[in-house]
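Only one structure is covered here, and it is reproduced in the block below.
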Amino acid sequence: MVTILDTINPDAKRVRHPEKAHRPDQEVLRKPDWIRVKAPTSKGYAETRSIVKEHKLVTVCEEAGCPNIGECWDKKHATFMIMGEICTRACAFCNVATGKPNALDMAEPENVAKAVKEMGLSHVVITSVDRDDLADGGAEHFEKVIWAIRAASPTTTIEILTPDFLKKPGALERVVAAKPDVFNHNMETVAGNYLTVRPGARYFHSIRLLQRVKELDPTMFTKSGIMVGLGEERNEVLQLMDDLRTADVDFLTIGQYLQPTRKHHAVMSFVTPDEFKSYETVAYTKGFLMVASSPLTRSSHHAGEDFARLKAAREKKLLIPAE
């Protein structure tokens, strides 16, 4: 069952994805049993939702229609999406609204920080829409959010999931200088799919961005994620792994693509749990410190627990003498 979210809010007549309106409907494949999830109904979910609304925050959990929202919000885990809910890109897989964004909310950094403190988060994930309309792509806003969280909740570790800052000189350097604990930028799919799946981005620019993070701060953990089921071949996924390892990326996530509406890119296949396990095994042999590979894996799913495991994996590696 595909949830169709075609307007930004019930009172508005504005289409959520105007660039997709003319596209023919895609066939929606029936989901296999291994990726079915229950509707969120828990007390913890309701409490998290209340905090998010109280501080007028946007979460990628809601905007992207994440299947893990019930589980994560029940545990008081949420991924905050800054700089509004309207993206300047029009990726074929994404359910975030497309169009001309509103002005930045200058109170947002403090509101995010207050919510992080109120929820008692030990680890928080901050992502954003693409803001190609801004001279710095939103780098300064990322800085302010990181600084505000550090001030309000000094022990909270911060993971950021950024856009590619394409054609925004100096933007990446500003964000890295703000010292997040984990720098995540998702590749989303294999190189051969970029023109149809992620047309506003450039594959090797994204690889280079991740590599540049390590050049600027070799101690910073880097992370990237992809979706499978978009028509990729296995050898293309393995090549992407090699490209990420060339950029010294520490952590790889692999999850199943799920089609938000009939106007989005079709699901070409449902990858089996055994295939995900195989990808995980291969990725570890290529040298990643951490790999999360399963049908319901998403970039920020279990991010806090995974950060602890990531640190432990690095410490273990440092203790092993070089051959």
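For clarity, every value in this text was computed on a predicted model and none was experimentally measured.
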May I ask you to check whether Thr79 and Arg298 show a side-chain donor-acceptor distance below 3.5 Å? no
Salt-bridge test for Asp250 and Lys317: reply yes if a basic N is under 4.0 Å from a carboxylate O, no otherwise. no
Could you point out which residue of Asn184, Val125, Val175 forms a side-chain contact (heavy atoms from CB on, under 4.5 Å) with Ile160? Val175
Within one Ile-Leu-Val-Met-Phe-Trp-Tyr cluster: Val282 and Val291, side-chain cutoff 4.5 Å: yes
When you compare the side chain of Thr261 with that of Asn95, does any pair of heavy atoms fall below 4.5 Å? yes
Short N-O contact, Asp130 and Lys167, less than 4.0 angstrom: no
Relative to the ring of His123, is the ring of Phe307 parallel (under 30°), tilted (30 to 60°) or perpendicular (over 60°)? parallel
Can Asn235 and Gln239 be counted as having a side-chain donor-acceptor contact under 3.5 angstrom? no
Can a salt bridge be assigned to the pair Asp217 and Lys214 using a cut-off of 4.0 Å between side-chain N and carboxylate O? no
Among Arg208, Arg89, His205, which one satisfies side-chain hydrogen bond (donor to acceptor under 3.5 Å, both in side chains) with Asp164? Arg89
Tell me, do Phe221 and Met290 make a side-chain contact under 4.5 Å, heavy atoms counted? no
Nearest heavy atoms of Pro109 and Ala148, plus distance in Å: O-CB, 3.5 Å
Treating Ser128 as the side-chain partner and Thr162 as the backbone partner, does any N or O pair qualify as donor plus acceptor under 3.5 Å? no
For the atom pair CD (Glu159) and CZ (Phe251), what is the distance rounded to the nearest 0.5 Å? 7.5 Å
Heavy atoms from other residues, nucleotides or ligands near NZ of Lys286 exceed 12 (cutoff 6.0 Å): yes
Distance-only polar pair, side chains of His185 and Ser206, donor-acceptor under 3.5 Å: yes
Rounded at 0.5 Å granularity, tell me how far CD in Glu108 sits from CE in Met83. 8.0 Å
List the atom of Ala139, the atom of Phe165, and the distance in Å for their closest heavy-atom pair. N-CE2, 4.1 Å
Contacts of Tyr279 meeting ring pair (Phe, Tyr, Trp, His ring centres under 6.0 Å) (sequence neighbours excluded), chain-then-number -> none
How far apart are the closest heavy atoms of Met227 and Leu230, and which atoms are they? CE-CD1, 3.9 Å
Please determine whether a side-chain nitrogen of the Lys or Arg among Asp306 and Arg309 lies less than 4.0 Å from a carboxylate oxygen of the Asp or Glu. yes
In sequence, state the C-alpha distance, the side-chain angles, and the governing distance for Glu315 and Lys311, and then conclude on salt bridge (charged side-chain N to carboxylate O under 4.0 Å, His left out). CA-CA 6 Å; Glu315 289 166 4; Lys311 288 194 296 182; over 6 Å; no
Return yes if some donor-acceptor pair links the side-chain N/O of Arg150 with the main-chain N/O of Lys179 below 3.5 Å, else return no. yes
In Å and rounded to the nearest 0.5 Å, what is the CD1 to CG distance from Ile226 to Leu252? 6.0 Å
Is any side-chain heavy atom of Ile254 less than 4.5 Å from a side-chain heavy atom of Thr297? no
Looking only at side chains, do Asp132 and Thr88 share a donor and an acceptor under 3.5 Å apart? yes
To the closest 0.5 Å, what do you measure between CD1 (Ile158) and CZ (Phe142)? 11.5 Å
N-O pairing of Lys114 and Glu110 below 4.0 Å: no
